[in-house]
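Everything numeric here is computed off the predicted structure, so don't read it as measured data.
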Amino acid sequence: VLARALARERARYAADAAIPAAGDATVVPDEDADGWYNLGCDLEAEDKARARAAYQRALALKPGHVEALVNLGRLLHEAGDLRGAEASYKKALEARPDDAVASFNLGVALEDQGRGHEAADAYRQAIKLDAALADAHYNLGRLCDRLGRRLEALQHLSTYRKLTRK
């Protein structure tokens, strides 16, 4: 009886393999978006598929969970799902328009899809939100150079060097 009850509880939470395998020390979180988000963070190093599923579970409970959206987008991007990553970053920006990391990551996803002008706009937005985001300056400088905007490229690459100088 106890084994069946435990199996039912595991099945309840196991959608898309969001639960660590039996014997893992990781505790299954309560029905709380932050708990699922934290579980996703813990799982990223060992099992990206389960981390993605944990983030998806967090989003099922709280669709506007920005951190889960950004992390899910990054994992989708790493897995080659650029459109999925783009959609995740855009949802994050709908929930929190002033998130510089989501804007930057959106730029990377757009650039990797060959959409340079849109990527440049996303990088510019990230810089507008956080002028000290060195990687956004670097990516925008490199992209502007490729797009023939040499002066803008030099400005951003110079800012990148200043921000990263130690």
Counting distance only, does the side-chain N/O of [X] pair as donor-acceptor with the main-chain N or O of [Y] below 3.5 Å?
| X | Y | answer |
| --- | --- | --- |
| Thr159 | Gln155 | yes |
| Tyr89 | Arg74 | yes |
| Ser103 | Ala122 | no |
| His137 | Ala131 | yes |

State whether Lys90 and Glu94 are salt-bridged, where the test is any N-O pair (Lys NZ or Arg NE/NH1/NH2 against Asp/Glu carboxylate O) under 4.0 Å.
no

Least distance between heavy atoms, [X] atom then [Y] atom:
| X | Y | answer |
| --- | --- | --- |
| Leu143 | Gly116 | CD2-O, 3.2 Å |
| Asp42 | Glu46 | O-OE1, 4.3 Å |
| Ala58 | Ala68 | CB-CB, 4.3 Å |
| Val66 | Ala95 | CG2-CB, 3.7 Å |
| Gly107 | Ala119 | O-CB, 3.3 Å |
| Ala51 | Leu75 | CB-CD1, 3.9 Å |

Please evaluate residues His65 and Asp34 with respect to the criterion side chain to side chain donor-acceptor pair (under 3.5 Å), reporting the C-alpha separation (whole Å), side-chain torsions for both, the decisive distance (0.1 Å), and the verdict.
CA-CA 8 Å; His65 195 293; Asp34 288 333; 2.8 Å; yes

Yes or no on side chain to side chain contact (heavy atoms under 4.5 Å, CB included) for Glu44 and Asn71, after CA distance, side-chain angles and deciding distance?
CA-CA 9 Å; Glu44 277 197 36; Asn71 285 9; 3.7 Å; yes

Mind checking ring pair (Phe, Tyr, Trp, His ring centres under 6.0 Å) for Tyr55 and listing every partner two or more places apart, or none if nothing turns up?
Tyr37

Quick one about His77 and Asn105 (side-chain donor to acceptor, distance below 3.5 Å, no hydrogens or angles considered), yes or no?
no

Just verifying a value: how many Å separate [X] [atom1] and [Y] [atom2], rounded to the nearest 0.5 Å?
| X | Y | atom1 | atom2 | value |
| --- | --- | --- | --- | --- |
| Asp32 | Leu39 | CG | CG | 11.5 Å |
| His156 | Leu140 | NE2 | CG | 4.0 Å |
| Asp121 | Lys128 | CG | NZ | 11.5 Å |
| Asn38 | Glu67 | CG | CD | 10.0 Å |
| Leu133 | Tyr123 | CG | OH | 10.5 Å |
| Leu72 | Gln56 | CG | CD | 5.5 Å |

If Ile, Leu, Val, Met, Phe, Trp and Tyr residues are connected whenever their side-chain heavy atoms lie under 4.5 Å apart, and connections chain through other members, are Leu69 and Val101 in the same group?
no

Using the side-chain hydrogen bond (donor to acceptor under 3.5 Å, both in side chains) criterion, which residues pair with Arg150? Sequence neighbours excluded.
Asp145

Close side-chain approach of Asp99 and Leu129, heavy atoms under 4.5 Å
no

Between Glu86 and Leu82, is there a side-chain heavy-atom distance shorter than 4.5 Å?
no

Tracing side-chain links under 4.5 Å among I, L, V, M, F, W and Y, which residues wind up in one group with Leu157?
Tyr138, Tyr160

For the pair Asn139 and Phe104, evaluate side chain to side chain contact (heavy atoms under 4.5 Å, CB included) and give the outcome as yes or no after the intermediate values.
CA-CA 9 Å; Asn139 283 14; Phe104 172 76; 3.5 Å; yes

